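Comments concern the structure below.
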Amino acid sequence: MGWFFKTFNYSVGKKLLMALTGFFLILFLFVHLFGNTFLYLGPDAFNGYVHLLNETNLVYIIRVMEVILALGFAFHIWDGVRLWLQNRKARPIKYYIKATDPKSTWTSRNMIYSALIIFVFLVIHLRNFWYEFKYGSIKQTGATDYDIVVKTFQDPIYMIIYVVSMVFLFLHLHHGFQSAFQTLGLNHKKYTPFIVWAGRIIAIFLSAGFASFPIYFFFFYGGN
Amino acid sequence: MSSKKLNLTLKVWRQPGPNAKGEFKTYYAKNISSDASFLEMLDIVNEELEAKGEEPIAYEHDCREGICGTCGMVINGRPHGPLQGITTCQLHMRHFKDGDVIYIEPFRARAFPVIKDLIVDRSAFDKIIQAGGFISVNTGSAPEANSIPVKKENADLAMDAAACIGCGACVAACPNASAMLFVSAKVSHLALLPQGLPEREIRVQRMVAKMDELGFGNCSNIGACEAECPKEIKITNIARLNREFYRAKFLSNVEE
Ligand code: HEM
Ligand code: SF4
Ligand code: FES
């Protein structure tokens, strides 16, 4: 199996890993967004959903999924940073005049920047919810998971951090979705224009979907 | 169209040798006909420099008709200048305005080190070709061209890919200095034709390995290469290269 692992150390193999983990993360975002919609059904629905995932037998599947998800992120981030470092090294002397061609997109040229903001967001987000739900001191006061969400989003700073981060998620997926198809070798005269547009719609759907929660709780749920 | 006379300020990268420190130097190109080509304009400037006993600007050129691919340079930040689908030798001065300031730099990539001024060493491309961009046949009299049928669609796609002149503008344009467009053109051209099939699996693996080894960057699917390629090679070739690579790695017996 040596050949298998070596494949992912070639430039094309590294991009394959990027595309596969990228698609996996997009899939996760859909599941995550679905779960979040329980917030709109009220405290009982949301707390019940969190309870279902964590306090019933489902928890074993969830723990395994969590590990796979963490690995998905870890490989995507590690591979992305490694690609970026190599790409920088490939042009040690920059051009004096920084002109860009008339065709390539801004999002494609700035993936690492949208990525870094998503990464910082990820750390904040895990601290806000994953850590609080599990080990947070606020739990001792009898606050439910739903209360933690409401309380976080009532803070204008967090509301803004979450909404702005979703803009960068949009930018990442604006290029990322269709790019992953190209990486997999799926560029087709008939389907590619559709994939590009589907990717933009999915990017808007996911980022706007996630951003709707902080906006909703801040403006309509006692935010000040 | 009547020709006009242009006066231009050139900021040209001057570097005496591979390890010497380079810098931009300013030159004035006076009374240049708008009918002149960009290279003719440089020739006029060089004649003046020589008359003054100064070292002329070193740049590469050969065919001057857009087919050899040697005349690479970066003009105002764009490989082969501001127009699409042409080489520097096909660029004419009518696309510039009187009084313009023009920056001229060499292609920038770790795999293309500067030899002198605007000349870079592109032998990395030769090494990629030597790694697999060929077919092995016994020489002899040319076989009858129509003895092996080729589907029209494949013939067209192979012909489009074979239009690559190996100029390196794709590397120069790519923010990652990736050679994927060039390599994909060569891989595609041979993978689409029956003559390329016997070495199909080994070729793509060796060419990608060589490309990586020579220090080119990775492809981020940005598409700057396609936009700047004088032969308008499409990035659909890069998708084909990816397919060829996965096919060779995961589905064939050929281990490289
Ligand atoms: C939910 C989060 C994320 C999703 C859904 C996602 C998705 C994607 C997708 C689909 C691609 C395109 C892959 C390709 O071109 O084949 C991509 C590229 C990339 N991602 Fe992410 N990503 C996420 C987070 C991150 C993070 C946190 C980083 C941190 C370093 C990152 C770094 C990158 C980089 C650098 C690229 C460009 C790779 C290249 O083409 O050179 N991503 N991402
Ligand atoms: S793909 Fe285009 S830009 Fe790249 S070497 Fe070939 S002709 Fe030049
Ligand atoms: S000199 Fe041959 S392509 Fe320009």
Side-chain angles (χ1 to χ4, degrees), chain A residues 2-20 22 79-80 82-112 175-189 192 196, chain B residues 11 13 22 24 74-79 82 84 103-111 114 171-180 204-205 208-209 211-212 215-228 234-247 249-250 255-256:
Chain A
W3 65 268
F4 181 82
F5 296 104
K6 268 192 238 153
T7 300
F8 294 96
N9 276 330
Y10 291 100
S11 54
V12 181
K14 285 173 200 153
K15 280 308 303 275
L16 175 62
L17 184 60
M18 217 52 210
L20 294 177
D79 203 28
R82 143 174 109 140
L83 284 166
W84 175 66
L85 289 175
Q86 285 169 348
N87 294 344
R88 273 168 54 104
K89 227 173 98 188
R91 173 160 299 130
I93 303 171
K94 305 272 173 271
Y95 290 109
Y96 182 76
I97 299 288
K98 288 165 199 67
T100 47
D101 64 277
K103 283 191 184 156
S104 67
T105 57
W106 186 89
T107 50
S108 70
R109 281 179 267 112
N110 294 282
M111 285 300 270
I112 190 68
H175 173 69
F177 186 81
Q178 54 87 31
S179 173
F181 279 88
Q182 166 81 2
T183 300
L184 295 180
L186 304 173
N187 188 325
H188 192 278
K189 209 172 158 179
T192 296
V196 170
Chain B
K11 305 267 183 186
W13 183 261
F24 281 101
V74 173
I75 301 163
N76 285 338
R78 306 272 308 273
Q84 284 182 269
Y103 277 85
I104 312 174
E105 302 171 70
F107 284 179
R108 296 284 188 203
R110 182 158 69 110
V114 171
V171 174
C174 175
N176 306 340
S178 163
M180 281 284 272
V204 62
Q205 300 190 56
V208 168
M211 166 183 88
D212 291 356
F216 291 102
N218 309 283
C219 178
S220 291
N221 302 329
I222 291 167
C225 52
E226 178 182 283
E228 300 289 15
K234 297 278 167 287
I235 59 170
T236 46
N237 289 298
I238 296 183
R240 186 178 297 102
L241 165 65
N242 293 344
R243 291 199 296 277
E244 289 293 319
F245 183 81
Y246 306 142
R247 188 181 166 280
K249 285 288 179 201
F250 297 119
E255 220 175 306
E256 251 310 298

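Residue numbering restarts at 1 for every chain, and letters A, B, ... go by the order of the sequence lines. As the structure is a computational prediction, the values presented were derived from the model and not from experiment.
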### Test item: Arg108(B) and Lys94(A) side chains (from C-beta on) under 4.5 Å apart, heavy atoms
no
### Message
For the residue pair Asn218(B) / Asn87(A), report whether a side-chain donor-acceptor contact shorter than 3.5 Å exists.
### Response
yes
#### Entry: Option that, when pairs with chain A are counted at under 4.5 Å, heavy atom only, ranks first among Cys225(B), Ala173(B), Ala209(B), Ala111(B)
Ala209(B)
### Message
Consider side chain to side chain contact (heavy atoms under 4.5 Å, CB included). Of Leu20(A), Leu17(A), Leu16(A), which one does Asp79(A) pass it with?
### Response
Leu17(A)
### Query
Measuring heavy-atom distances to chain B, does His188(A) have an atom under 4.5 Å in its side chain, in its backbone, in both, or in neither?
neither
#### Entry: Residue among Phe216(B), Phe107(B), Phe245(B), Trp13(B) with most heavy-atom pairs under 4.5 Å to chain A
Phe245(B)
#### Entry: Region of Gln84(B) in contact with chain A, defined by heavy-atom distances below 4.5 Å
side chain
### Message
Quick check: do Arg82(A) and Lys14(A) have side-chain heavy atoms less than 4.5 Å from each other?
### Response
yes
### Query
Side chains of Lys6(A) and Lys249(B): does their closest heavy-atom pair fall under 4.5 Å?
no
### Task
Sort Pro82(B) into side chain, backbone, both or neither according to what part of it lies under 4.5 angstrom from a heavy atom of chain A.
neither
### Query
Out of Ser11(A), Ala99(A), Ser104(A), Pro102(A), which one racks up the most heavy-atom pairs below 4.5 Å with chain B?
Ser11(A)
### Query
Any idea which of Gly223(B), Ala109(B), Gly215(B), Ser220(B) has the most non-hydrogen atom pairs under 4.5 angstrom with chain A?
Ser220(B)
### Residue pair Glu105(B) / Phe24(B), side-chain heavy-atom distance below 4.5 Å
yes
### Query
Think Arg88(A) forms a cation-pi with Trp84(A), using NZ or CZ under 6.0 Å from the six-ring centre and within 45 degrees of its axis?
yes
### Summary
Turns out that what part of Phe250(B) lies under 4.5 Å from chain A's heavy atoms comes down to both
### Message
Tell me which of these, Leu184(A), Asn9(A), Thr107(A), has more heavy-atom pairs under 4.5 Å with chain B than the rest.
### Response
Leu184(A)
### Task
For the residue pair Thr183(A) and Asn221(B), confirm or rule out a side-chain donor-acceptor distance under 3.5 Å.
yes
### Message
For the interface with chain B, which of Gln86(A), Gln182(A), Lys103(A) has the highest count of heavy-atom pairs at distances below 4.5 Å?
### Response
Gln182(A)
### Query
Quick one: does Thr192(A)'s side chain have a donor or acceptor within less than 3.5 Å of a partner on Lys189(A)'s backbone?
no
### Query
Heavy-atom distance under 4.5 Å to chain A: side chain of Cys174(B), backbone, both or neither?
backbone
### Query
Looking at Met18(A), Gln178(A), Arg91(A), which one has more heavy-atom pairs under 4.5 Å with chain B than the rest?
Arg91(A)
### Task
Side chain from CB out, backbone as N, CA, C, O: work out which of these in Tyr246(B) comes under 4.5 Å of a heavy atom of chain A, or both, or neither.
side chain
